[in-house]
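Remarks on the structure that follows.
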2 protein chains.
Amino acid sequence: MAIITRETDYALRALTGLALADDFLPVSTLAEQEEVPPDFLRKIMQRLHQAGIVESSQGPFGGYRLARSARRLSVLDVVETVQGPLVMSECISRPEICGRIDYCPFRRRLSALGAGLNAKLAKVRISDAANEIQSAREAAK
Amino acid sequence: MAIITRETDYALRALTGLALADDFLPVSTLAEQEEVPPDFLRKIMQRLHQAGIVESSQGPFGGYRLARSARRLSVLDVVETVQGPLVMSECISRPEICGRIDYCPFRRRLSALGAGLNAKLAKVRISDAANEIQSAREAAK
DNA sequence: GGGTATGAGACTGATATACTCCTATTATTG
DNA sequence: CAATAATAGGAGTATATCAGTCTCATACCC
C-alpha cells in the first residue's frame, strides 16, 4: 500500500513548480510542466487554495502562487491537506471504533511510530525540493 | 488516512491471541475473544495460512496456531501479508508510472522515510504484545 | 456417517481514488 | 463598455479498494 496518494504526489510537484516560478502560474502551464492531467490538477489546486497554501488570481495572466514561503511549507502540510491526517491505525484517531483502547498492546507502539513519521514528513520542505531542482538546472548549464 | 487497515488490525489481534493460547484455537473462539466478525476473521486467517504464518488443523479440536515463535513474527510481516508491501509512494515501487524518476526531488527523501518506517515495524513483535497482555493479567490477580 | 472445523471463493454495500466536464469570474482589447 | 479569451470554481463519474457476508466444499474426529 502506498502512504502518499497520487493526488498528494501531484500537489507536491505543482507546489515545487510554484516555488521555482515565484509568480502566478496558470494550471495549464503547471500541468504541462509537471506532467499532471490538467483538469485533475485544477481540482487539487482548489483544495490547496481552500487550505490557504496557495493564492489565486482569475482571468488572463492569473493562476496560482504560493501563499507563504516554500521554506515554511512541508510535505506533511500537503499530505494533511490533500489526504487528511496521517495516522498509523484508525483506532488511534477514532477510539470509538475499537473499545479495546485501554488494554490494546499495539496502540501505544503504533501511535509512537505514526508520530515519528509525521515529524519526519514535517521536516521535508518544498524549498528542499525546489533547491534541488534549481541546483540541477544550474549544473546542467 | 490510516496506514494500517482494519484487516491488519484484526490479524494482529488474532495472532496475539494465538501467541497466548499456544495451541490450536478455532476461529469462532478467537473471533469472540478479540471482538472480530467471525466470517471476516476466517478469511483473514486463510491469508495468514497461505503466507505460512499460521498452521491449520481441520475438524473437531482443530483451528489455527502460530507456525513460528511469536518472537520471530513482526507487525511488518503481518502488514505485508495482509496489505502488501508498505511504501511511501506508488512511484517508488512502480517507477514506470512516473517517468520523472531521474530527477524527482522527493523520491530519495520519501523512499528513506518509508524504509525507516518498515524497519521500525519489523522491530515490533507479536511477542511484545502477548507479553504485555500476560503481565497485565498477572497484575490483575 | 454425524458433527465440527477449515478452505475457497463469489457476492455486496460503502467509501476513496483518480479523473472529466461544465460553469462562473476576471482582465484585457477593440 | 461590451465582447472575448483566459482563468479558477465546483459538480459529476468511473473504477478500485475496503470491510464484510454468504455459500458450498473438504477434512477430521468420534
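Only heavy atoms go into these numbers, but all of them, side chains included; no hydrogens, no water, no symmetry mates. Order of the sequence lines sets the chain letters (A, B, ...), proteins ahead of strands, with each chain counted from 1.
- Using a 4.0 Å heavy-atom cutoff across all strands shown, A/Tyr10 reaches sugar-phosphate atoms only and no base atom.
- Nearer the 5' end of DNA chain C, as judged by each residue's closest nucleotide, is the contact made by A/Arg42, out of A/Arg42 and A/Ser57.
- Residue A/Ser56 places at least one side-chain N or O closer than 4.0 Å to OP1 or OP2 of D/dG9.
- In this structure, B/Arg47 places its CZ atom 11 Å from C1' of D/dC18, rounding to the nearest Å.
- Spacing between atom CG of B/Leu25 and atom P of C/dA5 amounts to 11 Å, rounded to whole angstrom units.
- Counting to the nearest Å, the C1' atom of C/dA8 and the CG atom of B/Leu48 are 16 Å from each other.
- Candidate nucleotides C/dT6, D/dA19, D/dT7 were compared by shortest atom distance to the side chain of B/Arg6, and D/dA19 ranks first.
- Residue A/Ile3 contributes atom CD1, which lies 13 Å from atom P of C/dT17 at whole-angstrom precision.
- Ion pairing between A/Arg125 and A/Asp128 holds under the 4.0 Å rule for side-chain N and carboxylate O.
- We find that CZ of A/Arg13 is positioned 12 Å from P of C/dA18, with the value rounded to whole Å.
- A donor N or O paired with an acceptor N or O is not found under 3.5 Å between the base of D/dA19 and the side-chain atoms of B/Glu7.
- Ionic pairing of A/Asp9 and B/Arg100 is not present here: no N-O contact between side-chain nitrogen and carboxylate oxygen is shorter than 4.0 angstrom.
- One finds a side-chain N or O of A/His49 lying less than 4.0 angstrom from the OP1 or OP2 phosphate oxygen of D/dG9.
- Within a 6.0 Å sphere centred on CZ of A/Arg72, heavy atoms belonging to other residues, nucleotides or ligands number 12 at most.
- Rounded to a whole Å, the CZ atom of A/Phe61 is 18 Å from the P atom of C/dT26.
- Ion pair A/Arg42/A/Asp39 flagged as a salt bridge, since at least one NZ, NE, NH1 or NH2 atom sits closer than 4.0 Å to an Asp/Glu carboxylate oxygen.
- B/Gln50 comes within 4.0 angstrom of sugar-phosphate atoms only, judged by non-hydrogen atoms across all strands, and of no base.
- Candidate nucleotides C/dT17, D/dG10, C/dA18 were compared by shortest atom distance to the side chain of B/Met1, and C/dT17 ranks first.
- Residues A/Lys43 and A/Gln58 each lie close to DNA chain D; by heavy-atom proximity, the contact nearer the 5' end of the strand is made by A/Gln58.
- For A/Asp39, taking side-chain heavy atoms from C-beta onward, the closest of the listed nucleotides C/dC21, D/dG9, D/dG20 is C/dC21.
- Dense packing is recorded around OH of B/Tyr103, with more than 12 heavy atoms of other residues, nucleotides or ligands lying under 6.0 Å away.
- Rounded to whole Å, the distance from CD1 on A/Ile44 to P on C/dA18 is 9 Å.
- Atom CD in A/Glu90 sits roughly 11 Å away from atom P in C/dT15 (whole-Å rounding).
- Under 4.0 Å is where a charged nitrogen must lie from a carboxylate oxygen, and between A/Arg13 and A/Glu35 no such pair does.
- Applying the 4.0 Å criterion to OP1 and OP2 of C/dT17, one finds that A/Gln83 has every side-chain N and O outside that range.
- Residue order along DNA chain C, read from the 5' end via each residue's closest nucleotide, puts B/Gly63 first among A/Pro60 and B/Gly63.
- Taking only side-chain nitrogens and oxygens, A/Tyr64 never comes nearer than 4.0 Å to OP1 or OP2 of D/dT7.
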